[in-house]
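Taking it in order: structure first as structure tokens, then the write-up.
Counting starts at 1 for both ligands and their atoms, in listed order.
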Amino acid sequence: MSEKVLIIAEVRDDKLRNVTYESIAAARKISPDGELVGVICSHKDTSNLAEEMIHYGADRVILMENDKLKTYSSEAYTQAILHAINEESPNSIIMGHTSIGKDLSPKLASKLDSGLISDAIDVEVAGENVVFTRPIYSGKAFEKKIITNGLLFATIRPNNIRALDKDASRNGEVSKKEVEIADLRTVIKDVIQKTSEGVDLSEAKVIVAGGRGVKSAEGFEPLYELAQVLGGAVGASRAACDAGYCDYSLQIGQTGKVVTPDLYIACGISGAIQHLAGMSNSKVIVAINKDPEATIFQIADYGIVGDLFEILPQLTEELKKVEM
Ligand code: FAD
């Protein structure tokens with residue numbers, strides 16, 4: 001299939017989010033010989049990011065520029081992206097299943113009167129069809145979905161489709177468009193960002209997560225120490241957030257973040273279905289729990305039955321001896 005695929009980039013702190021590279025890889029799977037066109041919305045010149053997209057497999061990148069695109073708003077971004085879609089008439093559109101993707105994609109799909117496959121974790125071409133795999137029932141089962149006609153529009157879950165290798169020798173056209181954006185009903189005056197140290201939870205390759213079993217905010221210290229040694233991030237169950245042990249931005253699960261790190265270490269977490277919904281697709285799961293009957297052991301690749309306050313410091317000390 002040699003079709004044109006539009007990839008909607010996501011930028012945070014002047015950098016492309018990893019899911020943008022993964023979206024390019026998904027687009028290449030859909031269209032092995034077609035043209036992959038990146039779209040970056042910004043208020044300023046992002047040619048450097050466009051080059052990055054090309055190094056990761058995009059053939060061409062369009063920069064949609066307007067002062068109103070400084071901060072994300074679905075109204076402004078929808079208008080800018082619709083301009084790009086109308087000019088390019090792509091066969092397919094791929095973007096990340098992130099907070100922004102979840103907000104933007106249904107709006108775009110309704111404006112385009114198209115279908116939408118959301119939260120795909122894999123895509124393959126089978127005969128005439130492009131088949132997306134997506135988790136259902138909080139990750140307990142998977143379904144295969146196709147769009148039978150019209151525009152193929154999908155969002156992909158971060159950390160599931162491997163990005164293509166970077167090739168800095170790749171070249172491609174980068175074009176800028178000063179896009180017109182009509183008056184917005186909502187204007188964002190200011191964004192107050194939480195200061196977060198260390199690795200971004202949603203993109204972390206290693207996550208050390210704590211639950212009610214951690215017992216207090218101070219109890220999270222050994223988790224932070226282990227996460228630091230492993231170059232990872234700390235996450236939490238809702239019970240731990242509800243109890244005030246940590247901030248809600250760390251919550252993983254059905255009503256929190258969905259993560260798929262290479263390694264997930266669950267400490268003092270029982271394994272409720274709502275928690276599993278946010279982490280069961282992690283590549284390797286290690287569970288530390290003093291209850292041998294805890295549900296989390298049913299999905300863990302490695303289980304340690306014991307007191308997390310004894311196990312974590314030992315694990316951290318041993319890992320410090322290993323060169324990583
Ligand atoms: P618990 O179930 O209390 O488990 C604590 C575990 O710690 C136990 O297994 C215990 O054996 C172990 N433990 C205790 N002390 C130690 C020790 N010293 N060493 C080792 N192990 C120890 N939950 C989420 O996490 N994320 C969500 O997004 C989410 N969304 C929800 C949405 C809805 C609509 C509802 C109804 C619930 C949701 N929940 C969510 C809550 C969920 O149902 C569970 O209540 C919650 O996940 C339990 O958290 P927990 O495992 O930390 O606590």
### Query
Run the side chain to side chain donor-acceptor pair (under 3.5 Å) check on Lys107 and Ser74 step by step: do they pass?
CA-CA 8 Å; Lys107 199 162 193 172; Ser74 60; 3.3 Å; yes
### Message
Taking only non-hydrogen atoms of Cys241, do any sit less than 4.0 angstrom from ligand 1?
### Response
no
In the protein, what heavy atom is nearest to [atom], and what distance, to one decimal place, separates them?
| atom | answer |
| --- | --- |
| atom 50 (P) of ligand 1 | Ser237 OG, 3.6 Å |
| atom 47 (O) of ligand 1 | Ala272 CB, 3.7 Å |
| atom 39 (N) of ligand 1 | Gln274 CB, 3.5 Å |
| atom 15 (N) of ligand 1 | Lys215 NZ, 2.9 Å |
| atom 34 (C) of ligand 1 | Gln254 NE2, 4.3 Å |
| atom 53 (O) of ligand 1 | Arg212 CB, 3.5 Å |
| atom 6 (C) of ligand 1 | Gly268 O, 3.3 Å |
| atom 51 (O) of ligand 1 | Ser270 N, 2.8 Å |

#### Entry: Positive for side-chain contact (heavy atoms from CB on, under 4.5 Å) with Met53, one of Val39, Leu36, Leu16
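Exactly one pass, corresponding to Leu16.
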### Query
How far apart are the closest heavy atoms of Leu152 and Ile147, and which atoms are they?
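Here Leu152 and Ile147 meet closest at CA-CD1, 4.1 Å.
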Using heavy-atom distances only, which candidate in [options] approaches [atom] most closely?
| atom | options | result |
| --- | --- | --- |
| atom 9 (O) of ligand 1 | Leu276, Asn289, Ile252, Asp291 | Asn289 |
| atom 20 (C) of ligand 1 | Arg238, Glu310, Lys290 | Lys290 |
| atom 48 (C) of ligand 1 | Ala239, Gly213, Ala266 | Ala239 |

Element-labelled atoms of ligand 1 that are located less than 4.0 Å from some non-hydrogen atom of [X]:
| X | answer |
| --- | --- |
| Gly211 | 52 (O) |
| Gly306 | 19 (N), 20 (C) |
| Gly256 | 28 (O) |
| Thr255 | 27 (C), 28 (O), 29 (C), 30 (N), 31 (C), 32 (C) |
| Asp307 | 17 (C), 18 (N), 19 (N) |

### Steps toward salt bridge (charged side-chain N to carboxylate O under 4.0 Å, His left out) verdict (Arg60, Glu88)
CA-CA 11 Å; Arg60 186 157 66 80; Glu88 292 293 330; 2.7 Å; yes
### Message
Can a donor-acceptor pair be found, under 3.5 Å and without considering hydrogens, that links the side chain of Arg157 to the backbone of Arg134?
### Response
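The answer is no, because no donor-acceptor pair under 3.5 Å joins these two groups.
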### Task
Spell out, as yes or no, whether a donor-acceptor pair under 3.5 Å connects the side chain of His275 to the backbone of Ser270.
no
### Message
Within a 6.0 Å radius of atom CD on Glu180, are there more than 12 heavy atoms belonging to other residues, nucleotides or ligands?
### Response
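No, the 6.0 Å shell around CD holds no more than 12 heavy atoms from other groups.
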### Query
More than 12 non-hydrogen atoms from neighbouring residues, nucleotides or ligands closer than 6.0 Å to OH on Tyr302, yes or no?
no
### Query
Are a donor atom and an acceptor atom from the side chains of Tyr56 and Asp165 found within less than 3.5 Å of each other?
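The criterion, which ignores hydrogens and geometry beyond distance, is not satisfied for Asp165 and Tyr56.
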### Query
So, Tyr77 versus Asp103: side-chain donor-acceptor pair below 3.5 Å or not?
no
### Message
Once you measure the plane-to-plane angle for Phe220 and Tyr245, does it fall in the parallel (<30°), tilted (30-60°) or perpendicular (>60°) bin?
### Response
tilted
